[in-house]
Q: 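Okay, here's the structure, questions in a sec.
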There are 2 protein chains.
Amino acid sequence: MRALNLTEPRRAVLEVVRQAHDHPTAAEIMERLAARGQRYAYATIYNSLRYLTEHGLIRELNLGNGISRYDGRLESHQHIVCVRCGAIAETLVDVPPEIARRMEGETGYRVNQVSLHVTGLCPACQAQESVIR
Amino acid sequence: MRALNLTEPRRAVLEVVRQAHDHPTAAEIMERLAARGQRYAYATIYNSLRYLTEHGLIRELNLGNGISRYDGRLESHQHIVCVRCGAIAETLVDVPPEIARRMEGETGYRVNQVSLHVTGLCPACQAQESVIR
DNA sequence: TTTCTTGCAAAACATTTGCAAATCG
DNA sequence: CGATTTGCAAATGTTTTGCAAGAAA
């Protein structure tokens with residue numbers, strides 16, 4: 001169970017996630033596969049996404065609204081979501097490692113993963129805001 | 001629409017959230033109200049929670065699994081969730097403010113809110129892990 | 001054969017919505 | 001009255017599950 005078993009649907013899902021530069025949801029991934037003529041059941045899409053996530057080939061993002069999005073970029077980076085239109089931007093700004101260490105000291109937990117959950121207004125929505133008022 | 005209109009269900013929801021020291025979900029809040037003899041429709045619970053959140057009386061937490069939890073503590077603090085049992089701990093460790101500024105510079109967004117999304121293993125689950133292997 | 005994987009449909013679950021009735025100012 | 005709020009039930013949307021069939025080891 002250690003070796004990577006990239007079945008056809010898993011490989012297809014992986015390709016779609018890697019090629020996307022937005023951060024597609026499971027439903028969007030299914031659509032894009034369908035557009036290529038590859039039709040899989042929801043169960044298969046979700047199974048593949050879990051498999052790929054657990055094997056570290058993709059990242060699952062939970063950006064606040066309860067819908068999982070998937071990211072093929074593995075280098076450490078963070079996301080910022082526009083509260084108005086939902087646009088997602090990426091940034092290389094990262095969390096200093098001593099934060100995890102201090103949290104461990106305070107709580108007794110062993111920290112696994114630290115990610116930032118940032119919301120704001122994207123440039124386009126900032127422009128609109130100033131028009132409105 | 002500026003003044004605070006704390007109707008009976010809103011006040012009741014607020015009390016439950018403030019008294020809780022876990023971070024209850026909407027369903028848990030409804031149960032606890034029912035246990036006190038106060039029965040409200042889901043719509044009312046959710047409306048009240050949104051109202052209280054928008055008016056800054058409580059915080060809505062999205063700790064990764066898509067279920068909203070609510071917190072009556074308003075002082076800035078962060079949460080860490082156990083990946084194994086879901087236990088939530090609080091910590092005062094916070095995100096340095098220059099992180100938000102650097103993100104703004106990188107993305108052009110105007111940052112609203114930065115919160116940490118930390119996962120790990122709670123002390124109890126750490127103990128069990130070492131027993132298992 | 002045993003194990004893993006897929007497909008389908010149904011189920012589960014959290015949350016939202018439409019609309020009528022009640023309440024408040 | 002006019003605006004807001006509540007209750008109920010149904011709808012929505014995402015994700016999971018049960019189970020049978022298929023593929024792989």
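Residue numbers start from 1 in every chain, and the chains themselves are labelled A, B, ... in the order their sequence lines are given, proteins ahead of strands.
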Q: Would one find a side-chain N or O of A/Ser68 under 4.0 angstrom from OP1 or OP2 of D/dT14?
A: no
Q: For A/Met30 and D/dT14, what is the distance between atoms CE and C1' respectively, to the nearest whole Å?
A: 11 Å
Q: How long is the line joining CZ of A/Arg10 and P of D/dA23, in whole Å?
A: 16 Å
Q: Let me know the distance between CZ of A/Arg11 and C1' of D/dA23, rounded to the nearest Å.
A: 16 Å
Q: Check whether any side-chain heavy atom of B/Tyr70 sits under 4.5 Å from a side-chain heavy atom of B/Thr53, and report yes or no.
A: yes
Q: For the pair B/His79 and B/His23, name the ring-plane relationship: parallel under 30°, tilted 30 to 60°, perpendicular over 60°.
A: perpendicular
Q: Check the pair A/Glu106 / B/Ile80 against side chain to side chain contact (heavy atoms under 4.5 Å, CB included), numbers first and verdict last.
A: CA-CA 11 Å; A/Glu106 243 190 74; B/Ile80 173 167; over 6 Å; no
Q: Please state how far atom CG in B/Asn5 lies from atom C1' in C/dG25, giving the value in whole angstrom units.
A: 10 Å
Q: Are A/Met103 and B/Gln78 close enough that some pair of their side-chain heavy atoms sits under 4.5 Å apart?
A: yes
Q: So, B/Glu28 side chain and B/Thr25 main chain: donor-acceptor pair closer than 3.5 Å or not?
A: yes
Q: Quick one: A/Glu60 CD to D/dT15 C1', roughly how many Å, whole number?
A: 11 Å
Q: Short of 4.0 Å, heavy atom to strand atom, which residues of residues 40-52 of chain B count as contacting DNA chain D?
A: B/Tyr40, B/Ala41, B/Ala43, B/Thr44, B/Asn47
Q: Provide, to the nearest angstrom, the distance between the CG atom belonging to A/Leu6 and the P atom belonging to C/dC4.
A: 17 Å
Q: Using side-chain heavy atoms (C-beta onward) and a distance below 4.5 Å, is B/Arg50 in contact with B/Glu54?
A: yes
Q: Side-chain N or O of B/Thr7 less than 4.0 angstrom from OP1 or OP2 on D/dT6?
A: yes
Q: Calculate the interatomic distance between B/Asn65 atom CG and C/dA12 atom C1'; express it in whole Å.
A: 15 Å
